[in-house]
Amino acid sequence: MTAQQPLSRPGATRGGFSSSHARLYAGMAAGVLLIALPLFTLMQLALSDDSGSLTHVVSTVLPQATRETALLLAGVAVLTAVFGTGSAWLVTAFEFPLRRVLAIALVLPLAMPTYIAAAVYVEWLDAAGPVQRFIRMLVGAPTAAAFPLPSIRSLPGAIFVMSAVLYPYVYLSTRALFTMQSASLIEAARSLGAKPARIFWRVALPLARPAIALGVSLCLLETLNDIGASEFLGVRTLTLSVMTTWLNRGSLEGAAAIACAMLIVVIALILVEMLARGNRGFTSSVKRPRAVAPKTLKGAQAIGALSFCATPVIAGFIVPATFLSIQAMQRTVRGQIDPMIFDALLMTVLLAGAATIGILLLASTIAASQRLLGTALSRGVARFAALGYAVPGTVLALGLLTPIAFFDNQIANLWRAVTGERIGLVLTGSGLAIIIAYHARFLGIAIGAIENGYARISPHLDDAARMLGRSLGGIRRDVHQPLIRPALGTAALLVFVDAMKELPATLLLRPLNVETLATLVYADAARGVFEAGSLAALLIVLIGLGPIMLIARANRSEPADALLAASAATGDAKARDNPV
Amino acid sequence: MLHRPFSRVLAAAAFLTVSPPAFAQTGVVNVYTSREPALIKPALDAFTQATAIKVNTVFIQNGLEERVKAEGANSPADIIITVDAAKLVNAVDLGILQKPSNMLTEAAIAPSLRDPEGRWSAVTLRSRVVYASKDRVKENAIHYEDLADPKWKGKICIRSGQHPYNISLIAAMIAHHGVEKTEAWLRGVKANLAKKPSGGDRDVAKDILAGVCDIGIGNTYYVGLMLKDKDQRAWGEAIKVLDSTFKNGGTHVNISGVGLAKNAPNKANAEKLIGFLLSDQAQVMLATLNEEYPVRAGVSTVTTEKLFGPIKPDSFSLIQIANQRKKASELVDQVGFDQ
């Protein structure tokens with residue numbers, strides 16, 4: 001959806017520089033600073049690189065890694081687009097058994113870390129796992145070599161695992177469109193006698209194209225920047241070269257150079273995609289959009305719809321969650337529960353909660369400045385802020401390490417000069433460094449979600465409010481705030497769930513004796529016993545359910561739909577957290 | 001307006017997450033470890049019990065050295081524990097270690113297992129060996145060089161060549177035979193692989209159990225740990241550990257090691273902890289816990305040796321091997337080992 005430009009810019013025409021202006025610019029400055037500091041650190045490192053790492057990578061792993069990365073991304077793109085869009089369309093346009101349950105359940109895999117899903121599937125589907133053993137028993141094959149079956153540790157396996165947990169990004173974004181945007185068009189097509197399939201291909205799909213593109217690009221960034229699952233499943237992406245350059249060849253500079261080169265390619269690809277898409281978009285009417293009335297399916301059609309929507313939920317949530325539940329129960333019974341888990345639970349909620357509040361404040365200010373100021377600068381800031389999501393998390397965390405430690409030392413030295421006492425490092429010694437890192441990483445997601453809330457508010461409302469003498473702050477408070485509340489809810493959900501799962505920055509920047517659920521899960525995986533972290537992994541998923549339900553309750557209408565309409569309404573913007 | 005209440009909550013939340021900085025308190029020692037702390041916790045607890053010094057830990061698998069360096073003069077880190085000698089060598093290069101007044105040069109620890117200037121020392125040893133199917137492989141010993149022998153064609157499993165454990169083994173091969181011979185060897189091993197490198201060392205054992213391959217490369221302690229675990233015993237029982245050595249050398253070993261941070265705020269306590277980790281008591285404890293070998297001469301562990309026999313570590317020093325890692329990693333890319 002492209003937002004209509006406000007007919008006039010309240011800020012510009014009123015002249016003067018109010019405190020609202022100051023707040024908007026302060027927010028923009030903070031956003032830029034958050035992203036610029038780590039990126040600048042990385043660029044500085046990259047420019048000082050004389051290790052020849054980039055040349056080595058280009059001449060040795062690039063051809064193969066590019067091919068493998070391209071196939072992986074293409075596979076993930078197709079699967080997430082088909083299942084994300086298809087399920088969103090089915091639960092919106094049709095009534096069939098379990099539809100309401102599925103409408104919520106389809107979001108659940110969002111909370112499942114990719115490397116956990118990968119480990120579970122390897123456990124069950126690999127050569128020594130129960131499935132292949134059973135098949136070999138049936139055919140009477142003594143060994144896997146005598147009766148080779150496809151391995152989950154392979155490129156197709158990686159495509160499957162990644163898609164199974166990432167498709168909700170597409171589901172959320174397209175669901176928004178189908179629910180809110182196309183109701184009148186779909187109903188018009190129905191009244192003209194178009195068959196459901198024709199409506200999907202000729203009306204719904206073309207409308208959803210931008211949302212699909214945006215949702216898919218988010219899945220692709222996640223896939224490209226993944227490290228744990230790819231390595232485990234034996235897929236060599238270029239991101240792994242960043243890690244090996246740093247860790248095995250001892251060149252942080254070289255790693256930064258490769259990461260920067262990759263970032264440039266990612267930005268270029270997204271620019272091309274944006275240009276190709278042009279400004280094609282569908283502006284919303286002033287009228288409040290409403291949901292399409294679902295058509296009831298019967299018999300084979302109902303079963304078909306049910307199975308299509310259940311498939312990704314089973315693959316991305318039920319299978320891994322079942323494994324984790326069994327393991328967690330066994331360990332609880334045996335009394336092998338990590339006593340740290342309760343502290344970690346509290347810490348996780350605290351860190352993710354604090355980050356969500358801060359990110360929402362900052363993101364809503366940046367999104368508001370884009371709306372109210374409408375300048376190239378404000379748009380640029382919003383796009384720039386999304387770059388934190390376009391680099392691998394470890395790389396971003398390393399980029400943040402130096403500036404955060406610098407500030408920390410300045411504070412410590414100042415304190416010592418003034419009071420004569422040593423206070424140590426305040427930012428990394430507390431959870432603040434982690435919270436800052438979450439801001440850098442997830443700011444773009446929140447801005448995108450809130451922006452999309454704005455896109456659904458007619459600019460005419462701004463004009464009307466301005467003519468009635470409202471100030472910038474007044475428009476924000478009295479006009480925008482109530483209308484974008486669902487968008488804020490979605491932004492909060494996405495940021496909170498992503499922050500709970502966040503691993504590389506949390507690992508690198510946390511204080512002594514502090515664990516989150518994600519670091520506990522990872523600690524077990526690092527020892528080669530990921531199943532020991534089952535309870536912690538399960539808790540991440542369960543806590544993720546909280547905000548989902550909260551949003552559902554906050555919306556008055558039918559819970560399942562209200563939740564997804566609300567979250568989905570802004571979901572396509574989430575994908576806008578793409579760079580640029 | 002969202003601002004005011006929100007910022008209050010934010011302030012409260014931020015305050016709650018601020019734990020008092022563990023800095024220069026008496027009776028504390030701060031450990032930054034790239035080894036998962038649960039693996040050493042019983043030993044740390046024993047230290048606390050003996051000395052009343054509280055041990056604070058943070059597990060940072062990658063980026064530990066970078067963090068200590070960035071934290072600089074105000075870093076709370078007293079002790080650095082790693083699972084790879086290369087990280088300690090890197091820590092020396094970054095200038096974040098200092099020489100403790102005790103222990104690290106003492107003769108009880110072989111010179112190949114510690115920094116010549118005493119800035120770090122190995123604490124425990126693990127060897128990287130060849131696992132083999134009990135049913136399908138007759139041999140009980142093997143030279144690493146023979147992994148390139150075509151007789152193993154389609155029979156070898158291994159995790160990513162770029163994994164630090166494998167990089168270290170390949171670096172040792174370079175130290176023994178030079179770059180060219182190692183490259184040929186690596187191509188030979190690659191040609192023998194049953195499947196593309198993936199998974200972890202345990203998956204190698206599982207693949208041997210399932211019959212995907214007959215032999216594989218992994219660390220010894222995984223076998224011990226698998227045998228201890230009810231659910232994993234079958235994997236461990238399917239394999240035997242071959243007596244694996246270089247043709248003119250010993251078994252490839254790596255370490256978990258310890259160093260004293262340059263700006264350690266609790267230096268005296270840190271030195272006590274280092275001394276403790278190298279003591280007979282802790283050596284036995286750590287080795288038994290994780291099926292590793294002690295580094296202190298004269299300390300022996302019953303369980304590990306019963307499983308894998310006494311260890312004959314390779315003679316090259318860990319530093320010599322660490323120096324070849326960059327080349328090893330480049331070779332893995334050049335021969336397309338992981339592709």
Side-chain angles (χ1 to χ4, degrees), chain A residues 56 60-61 64 122 126-128 132 142-146 151 153 231-234 236 240 244 247-250 252 350-351 353-354 357-358 361 364 394 397-398 401-402 405 408-409 412 422-426 428-432 435 477 481 507-508 510-514 519 523 526-528, chain B residues 1-3 6-7 9-10 13-14 16-19 21-24 30 36 38-39 56-63 66-67 70-76 90 160 162 164 167 194-203 206-207 209-212 222 235 325-326 329-330 333-334 336 338-339:
Chain A
H56 167 81
T60 56
V61 298
Q64 180 71 21
V122 166
D126 219 30
Q132 290 211 16
T143 66
S151 173
R153 280 188 272 145
E231 193 202 355
F232 196 65
L233 296 171
R236 302 295 135 200
L240 291 180
T244 57
L247 297 170
N248 290 344
R249 302 200 270 278
L252 189 56
L350 218 49
L351 287 174
I357 292 165
L361 274 178
S364 60
T394 308
L398 279 169
L401 184 59
T402 312
D408 248 350
N409 271 301
R422 298 179 69 167
I423 55 162
L425 304 176
V426 177
T428 43
S430 68
L432 282 177
I435 295 175
R477 187 175 59 237
Q481 219 55 275
L507 267 182
L508 187 64
R510 71 198 197 288
L512 287 152
N513 297 341
V514 166
T519 63
R527 281 187 287 138
Chain B
M1 202 57 192
L2 287 168
H3 278 108
F6 266 37
S7 47
V9 176
L10 177 65
L16 283 173
T17 55
V18 175
S19 50
F23 198 83
N30 299 328
E36 211 278 293
L39 296 172
N56 299 311
T57 57
V58 61
F59 166 56
I60 307 171
Q61 195 176 34
N62 295 318
E66 283 82 357
R67 172 159 161 189
E71 287 177 342
N74 291 298
S75 173
N90 188 30
S160 165
Q162 290 289 6
I167 287 298
K195 64 188 289 181
K196 214 172 128 165
S198 61
D201 284 0
R202 278 174 210 251
D203 297 285
K206 285 160 74 180
D207 280 342
L209 165 69
V212 175
Y222 282 116
W235 315 341
R325 283 168 51 91
K326 179 170 189 280
S329 171
E330 286 169 1
D333 281 352
Q334 270 162 34
D338 283 347
Q339 289 163 8

Worksheet item: Which region of B/Q162, side chain (C-beta onward) or backbone (N, CA, C, O), has a non-hydrogen atom less than 4.5 Å from a non-hydrogen atom of chain A, or is it both or neither?
Response: both
Item to complete: Can you measure from NZ (B/K195) to CZ (A/R153) and round to the nearest 0.5 angstrom?
Response: 3.5 Å
Worksheet item: Can any side-chain N or O of A/R510 pair as donor or acceptor with the backbone N or O of B/V58 at less than 3.5 Å?
Response: no
Fill in: Best-contacting candidate, B/V212, B/L209, B/L39, B/D338, against chain A by heavy atom pairs under 4.5 angstrom
B/D338
Discussion item. At a 4.5 Å cut-off on heavy atoms, which part of A/T519 comes close to chain B: side chain, backbone, both, or neither?
Written reply: neither
Practice prompt. Output the distance between atom CD (B/E71) and atom CG (A/L401), rounded to the nearest 0.5 Å.
Written response: 7.5 Å
Discussion item. If we ignore hydrogens and angles and just use 3.5 Å, is the side chain of B/K196 paired with the main-chain N or O of A/G234 as donor and acceptor?
Written reply: yes
Worksheet entry | Contact class of B/D203 relative to chain A, heavy atoms under 4.5 angstrom | both
Worksheet entry | Rounded distance [0.5 Å steps], CG in A/L247 versus CG in B/N90 | 9.5 Å
Response to the item:
With chain A, the option among B/G200, B/G72, B/S160 that has the most non-hydrogen atom pairs under 4.5 Å is B/S160
Discussion item. If you compare all heavy atoms of B/E36 against all heavy atoms of A/A523, which two are closest, and at what distance to 0.1 Å?
Written reply: CG-O, 3.2 Å
Discussion item. To check you understand the geometry: which heavy-atom pair defines the closest contact between B/N56 and A/L512, and what is its length?
Written reply: O-CD2, 3.7 Å
Worksheet entry | Nearest heavy atoms of B/D207 and A/A127, plus distance in Å | OD1-CB, 4.1 Å
Worksheet, complete the sentence: On a heavy-atom basis, the closest approach of B/G211 and A/T143 is CA-CB, 3.7 Å
Worksheet item: Side chain, backbone, both or neither: which part of B/R67 has an atom under 4.5 Å from a heavy atom of chain A?
Response: both
Discussion item. For the interface with chain B, which of A/N409, A/D126, A/V61 has the highest count of heavy-atom pairs at distances below 4.5 Å?
Written reply: A/N409
Worksheet, complete the sentence: Minimal heavy-atom distance between A/L508 and B/G63, with the atoms involved, is CD1-O, 3.5 Å
Worksheet, complete the sentence: When every non-hydrogen atom of B/R202 is compared with those of A/R527, the smallest separation belongs to NH2-O, 3.7 Å
Discussion item. Less than 4.5 Å to any heavy atom of chain A: does that hold for the side chain of B/A38, its backbone, both, or neither?
Written reply: side chain
Worksheet, complete the sentence: If one checks every heavy atom of A/L252 against chain B at 4.5 Å, the contacting part turns out to be side chain
Worksheet item: Measuring from A/R249:CZ to B/I167:CD1, what's the distance to the nearest 0.5 Å?
Response: 8.0 Å
Worksheet item: Does any heavy atom of chain B fall under 4.5 Å from the side chain of A/D408, the backbone, both, or neither of them?
Response: neither
